[in-house]
Every structure is written in C-alpha cells, then in structure tokens.
Amino acid sequence: MTDTLLPTPTVTALPAERRIVTEIPGPRSRELQERRRAVVPVGVSSATPVFIARGHGAIIEDVDGNRFIDLGAGIGVTTIGHTDDAVVAAARDQLGDVLHTLFTITPYEGYVRVAELLAEHTPGEHAKKTVLVNSGAEAVENAVKIARKHTGRSGVAVLEHAYHGRTNLTMAMNFKAAPYGAGFGPFAGSVHRAPGSYPFRDGGLSGAEAAARTIAYLEKSVGAADLACLVAEPIQGEGGFIVPADGYLPALQEWCTANGIVFVADEILSGMARTGAWFASEHFGLVPDLILTAKGIAAGLPLAGVTGRAEIMDAAQPGGLGGTFGGNPVAVAAAVAVFDRLDAGGLLAEGARIERTLRPLLTGLQAAHPIIGEVRGIGAMLAMELTEPGTLTPRPDAVTAITAAAAQEGVIVLSAGTYGNVLRFLPSLAITDDQLHDAVGVIDAALRAL
Ligand SMILES: *Cc1c(COP(=O)(O)O)cnc(C)c1O
C-alpha cells in the first residue's frame with residue numbers, strides 16, 4: 001500500500017440526527033430532478049425525490065442540507081455504515097497503488113485475500129473457492145453456469161417470491177413480472193418456479209409440509225435428474241423479507257444432496273452480517289454448496305462473489321469464468337476492510353442489537369395499528385406486512401403513503417413485497433438505538449395519519 005500519494009482520509013462526519021430545513025424535495029433537488037428527467041430514462045426510477053450529497057453512519061444528507069435517517073442502506077449495501085472510516089482509508093490507499101490490471105492477465109493479492117476471507121466465513125468446513133464479479137445478478141449467472149458444468153444438467157429451480165436480478169437469466173428467475181421483467185422477454189429457458197414457504201400466507205404449512213410441496217412440484221414438473229441447481233434466498237428480500245417455516249430449507253437441501261442438485265444460497269441481501277450472523281444460512285443450519293455475496297460485501301463499491309465447494313467451482317474450464325472488472329482492486333481493498341470491521345471491529349454483533357431494539361418497537365406499532373398483519377425478519381433485516389385488518393388483503397397504498405410521509409420527516413424507509421405491501425427495515429449496523437427510536441416514532445405518526 002502506498003503512503004503519501006493522498007492526504008490522510010478525512011471522512012465528513014455528519015451530526016447523528018435527522019434535520020429537515022427545506023420542503024422535500026428542496027430547491028436544489030428539484031433542479032437536479034429537472035436535469036435528470038432530460039437525460040436519465042424513466043425506467044431508472046427513484047423511490048425518494050432528493051439528491052444525496054454525503055453520508056456517514058446511518059445518516060445521509062441531501063444537496064439542500066436536509067439530513068435523513070437511512071433505514072434502507074442502499075438496499076442493504078452500506079451494511080457497516082456510510083463512509084466507514086476504515087473502509088474509506090483502505091480504498092483510498094489502494095487508489096494510489098493500482099486501479100486495474102485484470103486478474104485474469106496479471107493477478108493481485110486483494111482478490112486472493114477476499115477469496116480466503118469468504119472461504120473462512122461462509123458456512124461449512126470444506127475446501128472452498130471463489131470467483132469475484134461485479135454485481136449480484138452476475139453472481140447468480142455464474143452460479144448457474146458452474147452448477148450446469150458440474151452436473152451436466154440444465155434445469156434451474158427457483159421459488160415463488162424470489163428476486164435474483166435484472167439480467168436475462170435472472171429476470172427469468174424472478175417471481176414478479178412487473179416491473180422487473182414485463183415486456184423484456186423472451187427470457188432464458190430451463191427455469192422452473194416452485195411454491196416455497198411463506199408462513200403468513202400459506203395457511204400455516206409447516207416447514208416439512210412446504211418442503212414436501214416444493215419437492216413434489218419439482219419432481220412432477222421437471223424431474224430431479226434434470227435439475228442442475230436450486231437457487232434460494234434463505235430470507236427472501238424483494239419478496240418481502242419472508243422467513244421460511246422451520247425446517248423448510250434443511251429439507252430442501254437434503255433433497256438436493258440426495259439427488260445431486262447443487263444447492264445455491266442467494267445471500268446477496270441476507271449475507272455479510274445483515275442478520276446478526278455472517279450469513280443467514282447459519283440461522284437455518286444450512287451449508288450451501290454455493291453461496292452468493294454482493295450488496296454488503298464492499299460497503300458500496302461494486303463487488304460480488306460465488307463461493308462454493310472446491311470440486312464444484314473447479315468444474316468450469318480455465319477461461320470459463322471472469323470478466324473485465326470482476327474483483328476490482330479498490331473494491332477488494334474495501335471488502336477486506338469490511339471483513340476486518342465485522343470481525344476485529346466487533347460490528348458483527350450489531351445485527352442482534354438492532355433486532356433487540358427494533359423488534360419490540362415494531363410489535364408495539366402492531367399492537368396500536370391493526371393494519372400491521374405481521375412483523376418478521378431476523379437481525380437488521382426486519383419487516384412489517386400491511387393488510388386490511390384481520391385479512392390477508394394487501395395494503396400497498398398504505399406502504400406508499402408511509403414511505404412518502406416518512407421521507408418528508410427525514411426518514412428513508414423502503415417498501416418491498418410481491419404485493420408491494422411490506423415496509424422493510426434494513427438499516428446499517430452503525431445505526432444507534434436513539435436513531436431507531438426516532439425513526440419508528442416518525443413511522444408511528446405516518447401510520448396514525450393514514
Ligand atoms: C439485489 C439482489 C440481487 C441482484 O443484485 P444486483 O447487484 O442488483 O445485480 C440478487 N439477489 C438478491 C437476493 C438480491 O437482493
């Protein structure tokens with residue numbers, strides 16, 4: 001690492017409170033919105049109408065000086081917090097050394113170090129290898145490639161309510177057509193979607209019953225012998241932070257193992273300490289054959305990985321995996337710092353702390369507001385599903401109203417769910433208990449105003 005090419009990093013510390021000083025959006029954001037409308041297609045939409053200038057910890061500040069408590073963390077990317085000092089320092093150090101060589105031409109240590117760290121921290125004691133890529137969808141694509149090469153089979157099994165990305169193959173793997181796939185076909189073939197486990201909506205099926213249904217469906221509609229892999233999010237993210245019933249995932253894994261099907265855990269959202277464990281798989285006793293990381297791994301720099309059993313990963317021929325930017329030197333430097341902050345820095349424990357604070361606040365809201373049908377999730381990945389009181393009828397209108405009202409008051413909270421009726425809480429691990437209390441107070445007021 002270089003010493004003096006750049007000054008010592010100074011991260012802009014931001015005051016820890018939300019603060020609204022203009023109408024939302026303010027004048028500068030409105031100006032930028034105009035420029036954006038002229039040159040950015042409508043397909044790239046934004047949930048909140050403010051433009052952000054800086055962020056630190058769990059706070060982001062817009063171009064008009066309004067400060068927001070960020071309960072979204074860029075959809076679980078800035079898990080260790082915005083502009084974490086150690087991560088910024090590591091990335092800055094790397095900037096002065098080398099920005100790119102292409103690992104497949106002339107390799108560098110950071111890539112290998114991230115592969116070692118992933119081997120160490122993902123579930124299972126077996127030998128593991130990792131390929132690094134740029135995005136979550138690219139990780140999913142590579143996992144499918146590798147599983148197909150390893151098994152010599154083509155079928156890909158996915159679950160209802162799944163989300164896996166926006167490339168052609170991953171669009172075929174998503175459950176929800178609008179907005180992710182509608183009109184963008186034809187899609188990749190050999191993708192088979194089976195019912196999963198959604199305790200709030202599947203009439204109280206046990207994990208074993210739901211797994212039997214998934215397996216029976218796949219055996220009838222495809223046949224186990226034609227399946228290369230089953231790709232599952234241990235906790236479904238975009239689908240609405242759906243935690244499957246106890247025993248569901250282990251039963252699927254057992255069936256996969258018995259039938260030579262590669263079990264792929266898509267932990268792009270749920271991994272990297274989001275749930276108070278390194279990977280959500282640990283909560284279910286899963287040891288996936290392949291495990292996918294992206295979002296939280298490099299604190300905002302683009303990086304993703306497929307980590308898995310060495311003998312499966314080595315099925316792909318030399319030159320069969322890779323890409324120009326995969327495992328970029330600055331991104332891997334940031335990732336090494338993220339691992340260090342979670343490990344030595346003790347941030348891994350913060351997911352459980354956030355759940356201890358946030359869950360009772362949300363169940364308190366549920367007691368006061370019958371529109372909240374369920375509070376669920378694990379660690380810093382919690383959600384509330386809003387329904388017509390006493391029914392399963394989704395209330396996406398209420399979620400839209402609440403996210404908009406919260407933004408007006410300086411709280412960024414995201415929606416999710418197949419039916420658009422889930423409020424999801426995925427703050428960074430840097431969020432304080434005070435900030436959580438304050439943000440939930442804002443959401444309480446928005447619920448009252450419905
Ligand atoms: C975000 C996400 C993806 C896609 O990642 P991108 O980096 O947006 O391509 C895939 N799977 C899950 C579970 C995700 O949450």
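Just so it is clear, the structure is predicted and the values come from calculations on it, not from any experiment. Both counts, for ligands and for their atoms, begin at 1 and track the order of listing. What's counted below: heavy atoms across the whole structure, side chains too, no hydrogens, waters or symmetry copies.
Remark: side-chain polar atoms of Asp226 are not paired, donor with acceptor, to backbone N or O of Gly155 under 3.5 angstrom. Not a single donor-acceptor pair under 3.5 Å links the side chain of Glu350 to the backbone N or O of Ala430.
No salt bridge links Glu311 with Lys128; every basic N to acidic carboxylate O contact stays at or beyond 4.0 Å. A salt bridge links Arg359 with Glu355; the closest basic N to acidic carboxylate O contact falls under 4.0 Å.
Near Leu269, the atoms of ligand 1 lying under 4.0 angstrom from a non-hydrogen atom of the residue are 15 (O). Using a 4.0 Å cut-off to heavy atoms of Asp266, the atoms of ligand 1 that qualify are 10 (C), 11 (N), 12 (C), 13 (C). The ligand atoms of ligand 1 that sit less than 4.0 angstrom from a heavy atom of Glu233 are 13 (C).
For ligand 1, the polar-atom distance check finds an N/O of Gly136 within less than 3.5 Å of one of the ligand's N/O atoms. Any N or O atom pair closer than 3.5 Å counts here, and Ala137 shares at least one such pair with ligand 1.
In summary, the aromatic rings of Phe103 and Tyr108 are positioned with their centroids under 6.0 Å apart.
If you look at Ser135 next to ligand 1, the close heavy atoms, those under 4.0 Å, come from the backbone and the side chain alike.
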- [ ] Would you check, one step at a time, whether the test side-chain contact (heavy atoms from CB on, under 4.5 Å) holds for Leu249 with Gln253?
- [x] CA-CA 6 Å; Leu249 291 168; Gln253 168 149 49; over 6 Å; no
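Within the 4.0 Å cut-off (strictly below), a protein heavy atom is located near atom 7 (O) of ligand 1.
The closest protein non-hydrogen atom to atom 15 (O) of ligand 1 is Lys295 NZ, 2.6 Å.
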